[in-house]
Amino acid sequence: MTLAPMIAAPGANAAAIPAVGYGTMLFPEPERAVELISHALEYGYRHIDTARKYGTEQWVGEAIRASDLQREEIWITTKVTEENAKADDFTRSLDTSLKTMGLDYVDLLLIHWPQPSVPLKETLSALARAKRHGLTRHIGLSNFTIALLDEAVAKCPEPLVTNQIEYHCYINQERLIAACRKHDLLITGHAPLARGAMLDDPVITEIAAAHSKTPAQVALRWTVQQPGIGVVPRALEFSEIEENIAIFNFALSEEEMQRIGALRGRHLRVIDPEERRPAWDKP
Ligand SMILES: NC(=O)c1ccc[n+]([C@@H]2O[C@H](COP(=O)([O-])OP(=O)(O)OC[C@H]3O[C@@H](n4cnc5c(N)ncnc54)[C@H](OP(=O)(O)O)[C@@H]3O)[C@@H](O)[C@H]2O)c1
């Protein structure tokens with residue numbers, strides 16, 4: 001069993017998030033969902049990433065109840081979707097999430113996507129209120145660009161701790177990551193395996209062979225070896241679940257980090273829904 005170390009942000013926003021979480025978006029076989037999440041918990045994951053939109057909150061709750069772990073030992077992130085950006089809808093959505101999971105609180109609540117038709121201040125006030133009411137320990141953003149992040153930090157009445165963004169070695173997010181760090185925010189990399197796109201890359205496979213690791217482990221290691229960055233990979237095989245957290249017993253050299261980092265020039269964005277994407281930052 002591997003326990004992921006914590007990533008922590010310096011400064012006032014201090015929150016310590018387990019650096020590897022189990023992503024629960026798109027489970028094609030719902031009947032296996034609880035089994036998969038339970039396996040992740042048994043195998044050392046202490047961070048589960050869900051969202052109202054994923055339809056997986058119920059299974060997350062079932063897996064927590066079925067485990068021997070105390071609630072405080074597990075970091076649970078959920079998200080309020082952009083359709084619920086208005087304050088009342090936002091509050092109702094969180095209420096439904098908590099009821100669906102059977103929890104009193106989550107560890108982190110995120111605005112899933114920016115919503116241009118609702119004033120950001122209104123959504124942020126609802127987000128901050130959830131924290132003040134003890135319904136979430138921390139609050140954050142997801143899929144926010146530099147401009148939206150700056151606006152959110154300026155307008156949010158409570159400190160934000162992370163921006164969950166697509167991040168892996170096939171996408172250049174350097175400017176956005178620098179903006180997150182400037183505001184003392186952690187970065188949570190979603191789709192950290194680019195849905196498998198980089199797993200056959202010759203640079204990745206060569207470095208994986210040199211370390212006797214799998215390409216997925218090298219790709220994830222490259223990301224978490226950068227300061228203040230965690231990942232939430234999804235895997236549907238027990239062996240992959242185990243593999244994806246067993247990335248803390250080796251390190252990539254500076255040269256390997258740079259060779260893998262150079263792949264970002266491909267700039268492959270795998271999560272880019274036309275109906276809700278903001279004007280992404282240029283690399
Ligand atoms: N905030 C957002 O807007 C947002 C957007 C997207 C995702 N997310 C979060 O990020 C999580 C992960 O994203 P994702 O599921 O889109 O993509 P991902 O984690 O980049 O990739 C998942 C794919 O990689 C494969 N895989 C996983 N581990 C592997 C391994 N060790 N070896 C080989 N293949 C492996 C899986 O294959 P199998 O299916 O065969 O296991 C799956 O098809 C989501 O579950 C969700 O929690 C958030």
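Each ligand, and each atom within it, is numbered from 1 in the order the structure gives.
In this pair, Tyr170 and His168 present their aromatic rings perpendicular. The plane angle is above 60°, beyond the 30 to 60° band.
Across the listed options Met198, Glu237, Met25, Met25 owns the non-hydrogen atom lying nearest to atom 7 (C) of ligand 1. When the heavy-atom distances from atom 24 (O) of ligand 1 to Asp49, Thr56, Leu193, Thr188 are ranked, the shortest goes to Leu193. Checking Arg234, Arg276, Glu240, Arg195 against atom 40 (O) of ligand 1, the nearest heavy atom belongs to Glu240. Among His168, His190, Glu242, the residue whose heavy atom lies nearest to atom 2 (C) of ligand 1 is His190. For the residues Ala216, Ala191, Gly23, Gly21, the heavy atom positioned nearest atom 10 (O) of ligand 1 is part of Ala191. Of the candidates Ile241, Val231, Leu199, it is Leu199 that places a heavy atom closest to atom 34 (N) of ligand 1.
The side chain to side chain donor-acceptor pair (under 3.5 Å) test with Thr56 singles out one residue from Thr78, Thr50, Asp49, and that residue is Thr50.
Taking a 6.0 Å sphere around CD of Glu274, one finds it holds 12 or fewer heavy atoms contributed by other residues, nucleotides or ligands. Atom NZ of Lys53 has more than 12 heavy atoms from other residues, nucleotides or ligands within 6.0 Å. For Lys121, the NZ atom is loosely surrounded, since the number of other residues' heavy atoms within 6.0 Å does not exceed 12. Atom CG of Asn249 has more than 12 neighbouring heavy atoms from other residues, nucleotides or ligands inside a 6.0 Å radius.
When non-hydrogen atoms are compared, ligand 1 lies under 4.0 Å from neither the backbone nor the side chain of Pro215. Contacts between Ala235 and ligand 1 below 4.0 angstrom, taking non-hydrogen atoms only, involve backbone and side chain alike.
Residues Leu149 and Leu185 are in side-chain contact: their nearest non-hydrogen atoms beyond the backbone lie under 4.5 Å apart.
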Evaluate Glu255 against Ser253 for side chain to side chain donor-acceptor pair (under 3.5 Å), listing each step before the verdict. CA-CA 5 Å; Glu255 192 216 337; Ser253 68; 4.9 Å; no
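Heavy-atom contacts of Leu236 reach the following atoms of ligand 1: 39 (O), 41 (O) (cutoff under 4.0 Å). Within ligand 1, counting atoms from 1 as listed, the ones closer than 4.0 Å to a heavy atom of Pro233 are 19 (O). Atoms of ligand 1 lying under 4.0 Å from any heavy atom of Trp113, numbered from 1 in the order shown and given with element: 3 (O). Near His112, meaning under 4.0 Å from one of its heavy atoms, ligand 1 places the atoms 1 (N), 2 (C), 3 (O). Using a 4.0 Å cut-off to heavy atoms of Ile271, the atoms of ligand 1 that qualify are 5 (C), 6 (C).
Aromatic rings of Tyr54 and His112 (six-membered ring for Trp) have centroids within the 6.0 Å cut-off, being under it.
Ligand 1 is never approached by Tyr22 to a heavy-atom distance shorter than 4.0 Å. Put simply, part of Asn143 is less than 4.0 Å from ligand 1, judged by heavy atoms.
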Throw together a table of side-chain donor-acceptor distances under 3.5 angstrom for residues 187-197, partners on residues two or more places apart or in other chains.
| from | atom 1 | to | atom 2 | distance (Å) |
| --- | --- | --- | --- | --- |
| Thr188 | OG1 | Thr162 | OG1 | 2.9 |
| His190 | NE2 | Asn143 | OD1 | 2.9 |
| His190 | NE2 | Glu166 | N | 3.3 |

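Taking atom 12 (C) of ligand 1 as the reference point, the nearest protein heavy-atom neighbour is Val232 O, 3.1 Å. The single protein non-hydrogen atom nearest to atom 28 (N) of ligand 1 is Asn244 ND2, 3.0 Å, given as residue, atom name and distance.
Shown here are the side chain to side chain contact (heavy atoms under 4.5 Å, CB included) partners of Arg137, two or more places apart in sequence or in another chain: Trp75, Tyr105, Asp107.
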